Amino acid sequence: MATQAQLTVPTDAELLQAQADLWRHSLYYMTSMAFQCAVKLGIPTAIHGLGGAASLPDLVTALSLPPVKLPYLRRIMRLLATSGVFAADRATDVEVYRLTPLSHLLLEGVAVDGHPSQTSVVLAATSRHCVEAALGLTDWFRKDVAGSPFEDLHGVTLFDGSMAEAEPEIDAVFNEALEAHDNSGFLAVLQECGGTLFQGLDSLTDCGGGNGTTARAIVEAFPQIKCTVLDLPRVIDNVTADGVVNYVAGDMFKLVPPAQAVLVKLVLHHWRDEDCVKILAQCKKAVPSREEGGKVIVIDIVVDSSSGHTHEAELLMDVAMMVLTNGRQRDESDWGEIFTKAGFSGYNIVKKLGARGVFEAYP
C-alpha cells in the first residue's frame, strides 16, 4: 500500500502571499484589457509624439480625453508601468511616463530596428473572438471534438478562407497581426547568423512567405540568392510582383519549389506534429543532398525552461496555439523528433534569439 504523503500546513505568511497570488492570477485579464485600452487610445504613440516623456495632463490633452478621466488614466498607467509596458518617473511632484522597449513596439507607423509595429498583434490577441474561445476551455475539454476551442465556438478556422468569408473585418486584423508577428525580428536573424544561414546559397524558397518581406530582406543582404516565395493562392493573388523575388501560388503539403535551401519561418507552430512532418518532408524533397549544400532552415518558437522570464511567454503562446489553432509550441526534443520523422539525417540549432530558435535541418 502506498504511503500517504504527510500534508504540510502553510504558514500564515504563506497563505497571505497565496491570497495575493490568487488575486493576481484571477485578474491577469485586467492587465490584458488595460494593455488593449492603451493601444486603442494610442498612448505609446502619444508619448512618442510628446518627445518620449509625458505627464498625465499632457496625455489627456494629446488624446483628447475628458479631463474628468485623468484620475482613471492614472490608475491604468500605474498598472501598465508596474507590468513593464511604460516606465514611470516619480522623482518630482508630477508623474512622467516614458516608453520602454515593449511600448516602442506599439508605435503606429514606426518600425524600430526592423521590428514593425505590433499593435495589430495586441488587438488580435485581446479580441472578443480569442477571449470568448478561451472562456470556452472548460466546455471544450468535456467535448469529444478534434478542433480547437476557437473552431468549436466560432465554426471557422483562423487564417483560411472560412474566417475571411464569415467575418472579413476581424480576419483582416488577424492577418495583419500574423504579418507583423512573423516579420518582427528577422533583421536580428540576419545580423546574428545570416552569414551561417545564407552565405554561399544560390537559391532559396520561403515556404509560407506571405508578401515576401522576409525574402526581400534576404536578397538585399545576399543579392546572389534567387528567392521564391510559396504561399496559398489567396495570399499570392494579393501580392504585386516586384521583380525582386518570384511568387508561386501553391500548397506546401503537395509541392515546394526546388531550391538549394528552404526557409520555414513561424509556420510550423500552427500545425499538428503529423502535419509538420508532411510539410517538412516536402521541404526535404525540394533541396539537394547535404553534401551539395542542401538544407531546410526552420525559425520557430523553442520552449526552454532555462529562458527565465521568456519561458512564461513561451508557455502562454503554447496555450494560445491550443485555444486558437491545432498547433503547439515545441521544445528542442519535440523539434528533433519531428525532423527525424520527416527523414532528415540531422539538425543543428544555429542560434536562440529570444523565444525563437533558428534550426538547420539536413537531408
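The chain is numbered in sequence order, starting from 1. Any value given below was found using the heavy atoms of this structure, including those in side chains, with hydrogens, waters and symmetry copies removed. Note that the structure is a prediction, hence the values are computed from the model and not measured.
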S.K.: Do Glu151 and Asn326 have side chains that approach each other closer than 4.5 Å (heavy atoms only, starting at C-beta)?
M.R.: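 In contact.
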S.K.: Taking the side chain as every heavy atom from C-beta outward, state whether Asp182 and Lys265 have any atom pair closer than 4.5 Å.
M.R.: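 In short, these two side chains touch, coming nearer than 4.5 Å.
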S.K.: Please work out whether the ring planes of Phe174 and His129 are parallel, tilted or perpendicular, with thresholds of 30° and 60°.
M.R.: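 Because their plane-to-plane angle is over 60°, the rings of Phe174 and His129 count as perpendicular.
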S.K.: Does a side-chain heavy-atom distance below 4.5 Å link Gln118 with Pro116?
M.R.: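 A side-chain contact under 4.5 Å exists here.
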S.K.: Check the hydrophobic clustering (I, L, V, M, F, W, Y; side-chain heavy atoms under 4.5 Å; chains of links allowed) and say if Val189 and Leu263 are grouped together.
M.R.: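 Yes, one cluster joins them.
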S.K.: Can any side-chain N or O of Thr126 pair as donor or acceptor with the backbone N or O of Gln36 at less than 3.5 Å?
M.R.: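 Between the backbone of Gln36 and the side chain of Thr126 there is no qualifying donor-acceptor contact (under 3.5 Å).
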S.K.: Out of curiosity, does Val319 fall in the hydrophobic cluster containing Leu135 (side-chain heavy atoms, cut-off under 4.5 Å, transitive links)?
M.R.: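 No, Leu135 and Val319 fall in different hydrophobic clusters.
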S.K.: Indicate yes or no for a side-chain donor-acceptor contact from Trp140 to the backbone of Val145 under 3.5 Å, with no hydrogens or angles considered.
M.R.: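 A pair under 3.5 Å: no.
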S.K.: Sub-3.5 Å donor-acceptor pair from the side chain of Tyr247 to the main-chain atoms of Asn211, do we have one?
M.R.: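 A pair under 3.5 Å: yes.
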S.K.: Using a strict threshold of under 4.0 Å (side-chain N to carboxylate O), is an ion pair present between Asp21 and Arg24?
M.R.: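 So Arg24 pairs with Asp21 through a salt bridge.
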S.K.: Any Lys/Arg nitrogen of Glu192 or Arg356 sitting under 4.0 Å from an Asp/Glu carboxylate oxygen of the other?
M.R.: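 Between Arg356 and Glu192 there is no salt bridge, as every charged N stays at least 4.0 Å from the carboxylate O atoms.
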S.K.: Using a 3.5 Å cut-off and no angle test, enumerate the donor-acceptor pairs between side-chain atoms of residues 60-82 and protein atoms at least two apart in sequence or in another chain.
M.R.:
residue	atom	partner	partner atom	Å
Thr61	OG1	Pro57	O	3.1
Arg74	NE	Glu95	OE1	2.7
Thr82	OG1	Arg78	O	2.9

S.K.: Hey, does the side chain of Thr205 reach the backbone of Pro257 with a donor-acceptor pair shorter than 3.5 angstrom?
M.R.: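 Present.
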S.K.: Hey, is the main chain of Gly84 close enough, under 3.5 Å, to the side chain of Thr100 for a donor-acceptor pair?
M.R.: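 The answer is yes, because a donor-acceptor pair under 3.5 Å joins these two groups.
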S.K.: Is there a side-chain contact between Gln329 and Met321, using heavy atoms and a 4.5 Å cut-off?
M.R.: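 Contact flag for Gln329/Met321 side chains = yes.
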S.K.: Verify the neighbour count for atom CG of Asp12: are there more than 12 heavy atoms of other residues, nucleotides or ligands below 6.0 Å?
M.R.: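 12 or below, so no.
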S.K.: Would you call Glu360 and Thr196 a side-chain contact if the rule is heavy atoms closer than 4.5 Å?
M.R.: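 A side-chain contact exists here, since the closest heavy-atom pair is under 4.5 Å.
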S.K.: So, do Trp335 and Tyr347 have ring centers that fall under 6.0 Å from each other?
M.R.: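 No, the ring centres sit 6.0 Å or more apart.
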S.K.: Please name the residue in the list Asp300, Asp318, Asp334 that meets the salt bridge (Lys or Arg N to Asp or Glu O under 4.0 Å) test with Arg328.
M.R.: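 So, applying the salt bridge (Lys or Arg N to Asp or Glu O under 4.0 Å) to Arg328 and each of Asp300, Asp318, Asp334, only Asp334 qualifies.
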S.K.: Between Met322 and Leu137, is any pair of side-chain heavy atoms under 4.5 Å apart?
M.R.: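 Yes, at least one pair of side-chain atoms sits under 4.5 Å.
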S.K.: Please work out whether the ring planes of Phe222 and Phe198 are parallel, tilted or perpendicular, with thresholds of 30° and 60°.
M.R.: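 Geometry flag for Phe198 against Phe222: tilted rings.
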S.K.: Hey, is the main chain of His181 close enough, under 3.5 Å, to the side chain of Ser184 for a donor-acceptor pair?
M.R.: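 Checked: no pair found.
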S.K.: State which residues pass side-chain contact (heavy atoms from CB on, under 4.5 Å) with Thr340; sequence neighbours excluded, sorted by chain then number.
M.R.: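 Not a single residue meets the side-chain contact (heavy atoms from CB on, under 4.5 Å) criterion with Thr340.
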S.K.: Below 4.5 Å, heavy atoms only, C-beta onward: do Arg330 and Glu337 meet side chain to side chain?
M.R.: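 No - every pair of side-chain heavy atoms lies 4.5 Å or more apart.
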S.K.: If you define the side chain from C-beta out and look only at heavy atoms, does anything of Tyr97 sit under 4.5 Å from Leu56?
M.R.: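 In short, these two side chains touch, coming nearer than 4.5 Å.
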S.K.: Residues in salt bridge (Lys or Arg N to Asp or Glu O under 4.0 Å) with Asp251, at least two apart?
M.R.: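 Listed in chain order: nothing, the list is empty.
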